Amino acid sequence: MRKKSKTIITCAITGSIHTPSMSPYLPVTPDEIASQAIAAAEAGAAILHLHARDPENGRPSPAPDTYNAFLPRIKQSCDAIVNITTGGGQGMSIDDRIAAAEVFSPEMTSLNMGSMNFGLYPMLNRYSDFKHDWERAHLEASKDNIFRNTFGDIEKILERLGKGHGVRFEFECYDVGHLYTLAHFLDRKLVTPPLFVQTIFGILGGIGPDPQNVLVMRETAERLFGDQYHRSVLAAGRFQLPFTTMAATMGANVRVGLEDNLFLGKGQLAPSNAALVSKIRHILEELSFDIASADEARAMLDTKGAASVKF
């Protein structure tokens with residue numbers, strides 16, 4: 001892993017996992033997404049990982065028009081790196097998933113490194129009342145849905161966004177095999193260092209939230225990528241803050257946010273994305289880590305810069 005002097009905080013603002021009935025603080029409308037993203041940047045997030053939602057019912061949406069309702073405001077109000085998802089949500093085609101990124105040409109997008117089961121249905125054991133009909137169906141459908149990211153899909157995204165738009169990628173690796181898939185594309189020279197490798201723990205279908213697995217993923221990445229990558233860690237739900245803290249002490253960057261976790265503490269809903277950023281920032285600064293600014297993150301990750309985006 002490349003040496004770094006400061007820790008990058010990524011904030012994932014809304015995602016496509018949680019549904020509006022799970023928390024009144026989950027941003028849904030363009031105004032809510034923009035406001036929470038800007039506040040997260042002010043709290044210390046150098047990268048904002050963004051999904052869009054239908055403002056009428058909170059359902060994940062790939063529509064570029066919906067993104068356009070908040071992207072310009074975010075750019076005008078803060079200097080954070082904007083990272084648009086290509087993971088999208090259930091039922092979206094690859095073309096749907098990359099539509100907004102192709103229109104707006106951000107500095108960064110996510111790129112999932114393998115097809116996988118992505119089980120959300122156990123959340124039905126915790127939530128029974130839903131505001132919208134789609135929410136229950138969304139969770140139930142994850143039992144039989146495969147989150148598709150084939151070699152061909154990955155090549156398409158690398159070609160159309162990497163080569164076509166100069167996008168840098170947040171390579172999302174949910175299991176050890178995903179690291180080897182990324183190494184395959186590195187060997188083929190279809191990806192260019194420095195790689196930003198996001199290792200993910202606690203999604204049903206991916207590597208589990210066991211502390212030992214943080215070491216497994218780190219040691220595997222070290223063997224495969226050496227000094228050609230920067231590592232970041234996220235963990236789902238209650239594992240978010242313990243895992244990011246542990247990983248940071250091992251030299252990793254961190255990701256927090258309401259996409260991955262709705263709680264600030266045991267039984268306490270996070271009132272905003274900024275609250276989660278502020279908490280991890282406080283923890284890391286108490287441990288004597290310096291937090292990277294957006295421009296410092298740009299230099300570390302060699303992005304094309306905010307002036308080159310199309311929003």
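The basis for the numbers below is simple: all heavy atoms, side chains too, and nothing from hydrogens, waters or symmetry mates. Note that the structure is a prediction, hence the values are computed from the model and not measured.
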For this session: Take Leu258 and Gln36 through the test side chain to side chain contact (heavy atoms under 4.5 Å, CB included) and record every step on the way to the result.
Result: CA-CA 10 Å; Leu258 293 174; Gln36 289 219 32; 3.8 Å; yes

Exercise. Hey, do the aromatic rings of Phe118 and Tyr174 have their centres closer than 6.0 Å?
Worked result: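 Here the rings of Tyr174 and Phe118 have centres that are less than 6.0 Å from each other.
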
Exercise. Are a donor atom and an acceptor atom from the side chains of Glu135 and Tyr127 found within less than 3.5 Å of each other?
Worked result: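 Per modelled atom types, Glu135 and Tyr127 side chains form no pair under 3.5 Å.
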
Exercise. Taking atom types as modelled, is there a side-chain donor on Arg73 or Ser35 under 3.5 Å from an acceptor on the other?
Worked result: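 Looking only at side-chain atoms, Ser35 and Arg73 do form a donor-acceptor pair, the distance falling under 3.5 Å.
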
What's the separation between atom [atom1] in [X] and atom [atom2] in [Y], rounded to the nearest 0.5 Å?
| X | Y | atom1 | atom2 | answer |
| --- | --- | --- | --- | --- |
| His18 | Leu120 | NE2 | CG | 8.5 Å |
| Ile38 | Cys78 | CD1 | SG | 6.0 Å |
| His51 | Ile33 | NE2 | CD1 | 10.0 Å |

Exercise. More than 12 non-hydrogen atoms from neighbouring residues, nucleotides or ligands closer than 6.0 Å to CG on Asp187, yes or no?
Worked result: yes

Exercise. Is it true that atom CD1 of Ile146 has more than 12 heavy atoms of other residues, nucleotides or ligands lying nearer than 6.0 Å?
Worked result: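 No, the 6.0 Å shell around CD1 holds no more than 12 heavy atoms from other groups.
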
In residues 194-214, what donor-acceptor pairs under 3.5 Å come from side-chain atoms, sequence neighbours left out?
{"unit_1": "Gln198", "atom_1": "OE1", "unit_2": "Ser232", "atom_2": "OG", "d": "2.9"}
{"unit_1": "Gln198", "atom_1": "OE1", "unit_2": "Val233", "atom_2": "N", "d": "3.2"}
{"unit_1": "Gln198", "atom_1": "NE2", "unit_2": "Glu170", "atom_2": "OE2", "d": "2.8"}
{"unit_1": "Gln198", "atom_1": "NE2", "unit_2": "Ser232", "atom_2": "OG", "d": "3.4"}
{"unit_1": "Thr199", "atom_1": "OG1", "unit_2": "Ser232", "atom_2": "O", "d": "3.1"}
{"unit_1": "Asn213", "atom_1": "ND2", "unit_2": "Gly208", "atom_2": "O", "d": "3.0"}

Any salt bridge between [X] and [Y], counting N to O under 4.0 Å?
| X | Y | result |
| --- | --- | --- |
| Arg97 | Asp153 | no |
| Glu296 | Lys6 | yes |
| Arg168 | Glu107 | no |

For this session: Check the pair Glu102, His165 against side-chain hydrogen bond (donor to acceptor under 3.5 Å, both in side chains), reporting the backbone distance first and the verdict last.
Result: CA-CA 8 Å; Glu102 286 201 298; His165 290 270; 4.8 Å; no

Exercise. Just by distance, do the side chain of Glu32 and the backbone of Thr29 share a donor-acceptor pair under 3.5 Å?
Worked result: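 Yes; judged by distance alone, with no hydrogens or angles, the pair exists.
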
